[in-house]
Amino acid sequence: MDATNLEVARIFNEIADLLEIKQESTFRVNAYRRAARAVESLSEDLRTIAQRGELRRIGGIGQSLAEKIEEYLRTGAIAYHEELRAAMPRGLAELMTIPEVGPKTALLLYERLGVSSVAALEEAARAGKVRQLPRMGAKTEQNILAGIARMRAQSARQPLGAVLPHAQAIAGALRGISGVEALSIAGSIRRMRDTIADIDIVVATRRSDAVMDAFVALPQAETVLSKGSTRSSIVLRHVGVQCDLRAVEPDSYGAALQYFTGSKDHNVQLRERAVRLGLRVSEYGVFRVRTDRRLAGRTEEDVYEALGLQWIPPEIREAQGELELAERRALPALVRVGDIRGDLHVHTTWSDGAHTAEAMARAARQRGYEYLCITDHSRSLKFAGGVTIEDLRAHARAVRHLSDRLGIRVLLGSEVDILPDGSLDYPDEVLESLDLVIGSIHSRFRMPRAELTRRVIRAMESPHLDILGHPTGRLVGQREPLDLDIDAVVEAARRTETVLEINASPERLDLKDTHVRLARDSGALFSIGTDAHRTEHFAYIDYGVGTARRGWVEATQVVNAWPLARLLDFLAR
DNA sequence: GCCGTTTTCGGCCCGACTGTTTTCAGTCG
């Protein structure tokens, strides 16, 4: 996918910021923000959708915004956006990215102090000028300076894999506090989004003050941003991530968990549905509007049930059609970690892995896996200890021996480089001898879109290629997906029966969720592989399964959730 | 600016926390 969608989303968000500073109707502002989110989470290029004339079928895009998108596709800019920017000093919208500074404060700072950049604001605050403004004091001035520092320390969303372990540690510490009756991580971590802005935790308790006291006193808390009896926020030491704790009575726990799990758009749809039914949903429960009687709240299941819906797994609460299916009780049975029967993407000391094939096989068996496929790098990947053809023969014998001894079926495969021309890095007779072949791109990323797409599709057309490994080469938060025609790749996957990998390494999560959904909708098959380079990495399967679930994938569509016999049949086809 | 088994006009989420007030505005989620 090219960068168009993200660029349009960015422009819509900036328009929203500028309109907010101009004190325009909040509904108009929200419309732009909602549209930005909708565009951001699309699995297709806007250009493709526009060509089909279906822009207005995107929820939140109407006449006016569809025209603006078309204008952007035609000219690379949106005149309305340019006008707004011209009418306001550059940097004013930037001020709003500072925590503590909203539209009102930004405008006030500009009008009274002529401040229109973060640097200028910092200077004014240091000079004690901010505290002289109406409704501003020394404390606010300090908070603004702290907000600037916080923004600089941690600007972007962090990868899920970098945050989840810390969230689990906090959750574990809170479980030990007396008075905590139930607890869950909520927010985008619970939805298993690939990047995370903050940690949300919900607790059920009848002693919220004591729980909050313990929370802000945690050794992990670097600073306390706020503290109350229902909500407190801290910033975590080292990680720099904000962690919010919400406490509710046990009777409201399910409603609070639902509410704080989001997504925002999912909750908006849920509340709209409630209104139609004469109900009201809040973090305290589901209420009948007329009588104010509480109908549900203790569990999430109750909350969805009160709205006439099947319980919806957190990973698909993204306003992508899940409510309609939940109403018909027709949600997909999403793949679970327990469905996974083996790992098909594993490295060992034969190439760049840290542990031997035997150690990896033992660790896989320990996880209860039926099978494991060793897939070290192919010969061209010299820097990763690529395996020579002679060594492969020895490995085949070693792997058979392991299967006999360890009681887990160990297959021999290879993660074969897809060379720049789309050919594979071993000759056909060598590929033929392997149980399974993953094809991956590790070099020459920056090809023109058409050429790169041809390269990948040519590799998929090889009768020996079973799995396309980390198909778009993206690295979470670091490298955007390759400039591939993803629709063409998905179509080729279906045609050639090539399995698409959902690489579970938290650095990759590739395919990403929206691409998984696209491929899933067109009937592709998936393999969830951890790309483990050491035994501990088998645990990454959680991230891969989470990503698969976000793409609505069922166990039947995942080849490594199949029993060994079926998998072998498939590979031998 | 979007949207419609309440509506093509009139809705669209609001509660918690902080800081600066002297009863509440602004921000955030």
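Labels below follow one simple rule: chain letters A, B, ... track the order of the sequence lines, proteins then strands, and each chain is numbered from 1.
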Inset, instruction - Using the closest heavy atom to pick a nucleotide of DNA chain B for each, name whichever of Ile58(A) or Leu133(A) lands nearer the 5' end. - result: Ile58(A)
Legend entry - Most 5' of Lys139(A) and Thr230(A) on DNA chain B, judged by nearest nucleotide: Thr230(A)
Inset, instruction - Determine whether the side chains of Asp209(A) and Ser229(A) contain a donor N or O and an acceptor N or O closer than 3.5 Å. - result: no
Legend entry - Base partner of dT8(B), which must satisfy Watson-Crick or wobble distances under 3.5 Å: none
Inset, instruction - Test Asp244(A) against Gln242(A) for side chain to side chain donor-acceptor pair (under 3.5 Å), laying out the working first. - result: CA-CA 7 Å; Asp244(A) 295 344; Gln242(A) 183 173 331; 3.0 Å; yes
Legend entry - Covered region of DNA chain B, 5' end to 3' end, by chain A [heavy atoms, under 4.0 Å]: dG1(B) to dG29(B)
Within the structure shown, what part of the strands sits under 4.0 Å from [X] by heavy-atom distance: base, sugar-phosphate, or nothing?
{"X": "Arg246(A)", "value": "sugar-phosphate"}
{"X": "Pro99(A)", "value": "sugar-phosphate"}
{"X": "Thr105(A)", "value": "sugar-phosphate"}
{"X": "Tyr32(A)", "value": "sugar-phosphate"}
{"X": "Gly59(A)", "value": "sugar-phosphate"}

Legend entry - Minimum side-chain heavy-atom gap Asp302(A)-Trp311(A) below 4.5 Å: no
Inset, instruction - Would you mind reporting whether Val275(A) and Arg280(A) have side-chain heavy atoms less than 4.5 Å apart? - result: no
Rounded [atom1] spacing from [N] to [M] in Å:
{"N": "dG10(B)", "M": "dC17(B)", "atom1": "P", "answer": "37 Å"}
{"N": "dG29(B)", "M": "dT23(B)", "atom1": "C1'", "answer": "25 Å"}
{"N": "dT7(B)", "M": "dG1(B)", "atom1": "P", "answer": "25 Å"}

Inset, instruction - Using side chain to side chain contact (heavy atoms under 4.5 Å, CB included) as the criterion, list what pairs up with Ala66(A), not counting sequence neighbours. - result: Leu55(A), Arg56(A), Ile61(A)
Inset, instruction - May I ask you to say whether Lys68(A) pairs ionically with Glu71(A), meaning some side-chain N is under 4.0 Å from a carboxylate O? - result: no
Legend entry - Backbone N/O of Ser263(A) and side chain of Arg317(A): donor-acceptor pair under 3.5 Å: no
